[in-house]
Amino acid sequence: MPQAPVQAKATTTTVAEAHPNIALVKYWGKQNRPGNYPATPSLSITLDTLTTRTEVNDATGGDEFFLDDEPKNDNKVSACLAALRTRYDIPPLCIRSANNFPTAAGLASSASGFAALVCAIDAHCELNLSKAELSANARQASGSAARSIFGGFVAMSEPDWTATELLGPDVWPLTTVIAITATQAKLTPSSEGMRISAATSPFYPAWITSTEEDFRQGIAHVMSQDFASLAELAEHSCLKMHGLMMSSQPGLVYWNAATLECIQVVRTLRADGLPVFFTVDAGPQVKAVCQPEVATIVAKALAAIPGVLRTMAARLGDGARVLAQVAER
Ligand code: 2P0
């Protein structure tokens with residue numbers, strides 16, 4: 001009997017994209033239970049021009065991971081895959097991820113990275129997860145990644161600690177000017193910094209209770225689009241978090257001299273009447289959130305500060321999404 005021709009197995013490449021987010025009410029600290037549950041609620045904005053693009057293919061051997069074309073052994077990626085495999089049927093994967101911005105330098109690359117990864121795996125393996133399930137899976141890999149599943153203004157809080165979208169990206173358009181003051185990876189990764197702060201800072205209990213109140217107020221300011229109140233609240237949350245970090249043992253100082261100079265310039269601009277406020281994460285970059293009409297003035301003022309290497313601007317962006325699924329033979 002004639003043999004049927006052997007068909008080459010179709011392979012599919014799935015491509016997903018996600019953007020980082022920056023928290024206006026910060027998450028710092030974890031609950032004491034498995035699942036990477038934050039100890040504080042948080043409220044963030046997703047940015048548009050900074051992007052992680054992640055391609056997923058079936059691997060021929062074991063899992064492979066490339067970041068910006070370099071092969072990497074990344075424990076957090078391995079842990080993310082292992083956690084997903086406890087719930088879903090996922091074959092060995094080849095993952096290629098690329099960022100168009102500095103990695104692990106306080107620009108939330110783990111947020112966009114794990115949001116894009118979970119989104120790509122969901123489509124590639126036909127898991128059909130809801131946005132809430134995508135967010136929960138992303139959270140287990142990196143708390144802030146849960147928020148990058150969504151666009152615009154995003155909240156994450158109890159009881160289920162999945163993120164939700166408060167306002168889409170076009171409802172209250174704001175611009176974020178980012179002052180890059182260093183490009184090397186931070187010395188203390190966020191998870192380690194959070195552990196140190198929870199274990200050693202005398203301010204930790206007050207941080208937890210006051211952030212719960214900040215979160216409630218932050219939601220109200222976002223829903224009423226009250227820029228002045230949101231500005232005061234976001235700067236206070238940021239400085240409280242850095243006070244907590246600095247009061248840890250060893251003290252966590254993520255700033256450099258230019259970080260502080262940028263903060264002072266933003267405060268002066270606001271005192272002069274410009275609608276702008278700063279926020280700083282676990283790294284030395286300063287993010288100045290402003291009304292779009294003053295973004296050029298803010299960018300010029302920050303770019304003129306010694307130690308500012310460059311500035312980048314972003315509007316509010318969309319949540320993680322699949323860009324393409326291409327089948328090849
Ligand atoms: C935030 N950060 O709310 C805070 C503010 C940094 C400072 O979430 O341990 O990489 O992977 O859950 O999400 C950065 O921490 O931490 C972060 P893990 P993640 O954006």
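Heavy-atom basis, side chains included; hydrogens, waters and symmetry copies ignored. Note that ligands are numbered from 1 as they come in the structure, with each ligand's atoms numbered from 1 the same way.
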TODO: Answer yes or no: is there a side-chain heavy-atom contact under 4.5 Å between Pro173 and Leu316?
DONE: no
Task: Rounded distance (nearest 0.5 Å) linking atom CG of Leu252 with atom CD of Glu192 - done: 8.5 Å
Task: Nearest protein heavy atom with distance in Å, relative to atom 11 (O) of ligand 1 - done: Lys76 NZ, 2.7 Å
TODO: Just let me know how Ile22 lines up against ligand 1, side chain, backbone, both or neither, with a heavy-atom cut-off below 4.0 Å.
DONE: neither
Open item on the list: Can you tell me if Arg139 contacts ligand 1 (heavy atom of the residue under 4.0 Å from the ligand)?
Closed with: no
- [ ] Looking only at distances, please establish whether an N/O atom of ligand 1 is found under 3.5 Å from an N/O atom of Trp28.
- [x] no
Open item on the list: Does ligand 1 come near enough to Ser42 that some N or O of the ligand is less than 3.5 Å from an N or O of the residue?
Closed with: no
Task: Nearest neighbour in protein (non-hydrogen) for atom 16 (O) of ligand 1 - done: Met194 CE, 3.6 Å
Task: Taking atom 5 (C) of ligand 1 as the reference point, the nearest protein heavy atom with its distance - done: Asp281 OD1, 3.4 Å
- [ ] Would you mind telling me which of Thr175, Ile22, Asn21 makes a side chain to side chain contact (heavy atoms under 4.5 Å, CB included) with Leu47?
- [x] Ile22
Task: Ala23 neighbourhood, listing ligand 1 atoms whose heavy-atom distance to it stays under 4.0 Å - done: 1 (C), 3 (O), 20 (O)
Task: Shortest non-hydrogen contact between Ala179 and Val308, atoms and distance - done: CB-CG1, 4.1 Å
Open item on the list: Under 4.0 Å from a heavy atom of Asn36: which atoms of ligand 1 are those, numbered in the order shown and with their elements?
Closed with: 12 (O)
Task: 4.5 Å side-chain heavy-atom contact, Trp207 and Ser201 - done: no
What donor-acceptor contacts under 3.5 angstrom involve side-chain atoms of residues 227-243, with partners at least two apart or in another chain?
{"residue": "Ser229", "atom": "OG", "partner": "Asp226", "partner atom": "OD1", "Å": "3.2"}
{"residue": "Ser229", "atom": "OG", "partner": "Asp226", "partner atom": "OD2", "Å": "2.7"}
{"residue": "Glu232", "atom": "OE2", "partner": "Arg270", "partner atom": "NH2", "Å": "3.4"}
{"residue": "Glu235", "atom": "OE1", "partner": "Arg270", "partner atom": "NH2", "Å": "3.0"}
{"residue": "Glu235", "atom": "OE2", "partner": "Arg270", "partner atom": "NH1", "Å": "2.7"}
{"residue": "Glu235", "atom": "OE2", "partner": "Phe278", "partner atom": "N", "Å": "3.1"}
{"residue": "Ser237", "atom": "OG", "partner": "Lys26", "partner atom": "N", "Å": "3.1"}
{"residue": "Lys240", "atom": "NZ", "partner": "Ser210", "partner atom": "OG", "Å": "3.1"}
{"residue": "Lys240", "atom": "NZ", "partner": "Asp214", "partner atom": "OD2", "Å": "2.7"}
{"residue": "His242", "atom": "ND1", "partner": "Trp255", "partner atom": "NE1", "Å": "3.0"}
{"residue": "His242", "atom": "NE2", "partner": "Val280", "partner atom": "O", "Å": "2.9"}
{"residue": "His242", "atom": "NE2", "partner": "Asp281", "partner atom": "O", "Å": "3.4"}

Task: Test of proximity, Met241 against ligand 1: N or O pairs below 3.5 Å - done: no
TODO: Show which atoms of ligand 1 fall inside a sub-4.0 Å distance from at least one heavy-atom site of Ser191.
DONE: 9 (O), 11 (O), 18 (P)
Open item on the list: To check your reading of the model: name the closest protein heavy atom to atom 19 (P) of ligand 1, its residue, and the distance in Å.
Closed with: Ser142 OG, 3.5 Å
Task: ligand 1 contacted by Ser110 (non-hydrogen, < 4.0 Å) - done: yes
Task: atom 14 (C) of ligand 1: the protein heavy-atom neighbour that sits closest, reported with distance to 0.1 Å - done: Ser190 OG, 3.4 Å
Open item on the list: Quick one, Arg53 and Val15 - any side-chain contact, counting heavy atoms below 4.5 Å?
Closed with: yes
Task: His124 to Thr12 - nearest heavy-atom pair and separation - done: CE1-O, 2.9 Å
TODO: Could you find the nearest protein heavy atom to atom 3 (O) of ligand 1 and give me its residue, atom name and distance?
DONE: Tyr27 N, 3.0 Å
- [ ] Could you check atom 13 (O) of ligand 1 against the protein and tell me its nearest heavy-atom contact, residue, atom and distance included?
- [x] Ser144 OG, 2.6 Å
Open item on the list: Within the 4.0 Å heavy-atom shell around Gly143, which atoms of ligand 1 are there?
Closed with: 11 (O), 12 (O), 13 (O), 18 (P)
Open item on the list: Against Gln285, only a single residue in Thr279, Thr259, Thr181 fulfils side chain to side chain contact (heavy atoms under 4.5 Å, CB included); can you say which?
Closed with: Thr181
Open item on the list: One residue to check: Met245. Relative to ligand 1, which of side chain, backbone, both or neither has a non-hydrogen atom less than 4.0 Å away?
Closed with: neither
Open item on the list: Any non-hydrogen side-chain atom of Phe101 less than 4.5 Å from a side-chain atom of Pro20?
Closed with: yes
Task: Point-to-point distance, once rounded to the nearest 0.5 Å, from CG of Leu93 to CG of Asp58 - done: 6.5 Å
- [ ] Starting from atom 18 (P) of ligand 1, locate the nearest protein heavy atom and write down its residue, its atom name and how far away it is, to 0.1 Å.
- [x] Lys30 NZ, 3.3 Å
- [ ] Report yes or no: do Ser148 and Ser112 form a side-chain donor-acceptor pair below 3.5 Å?
- [x] no
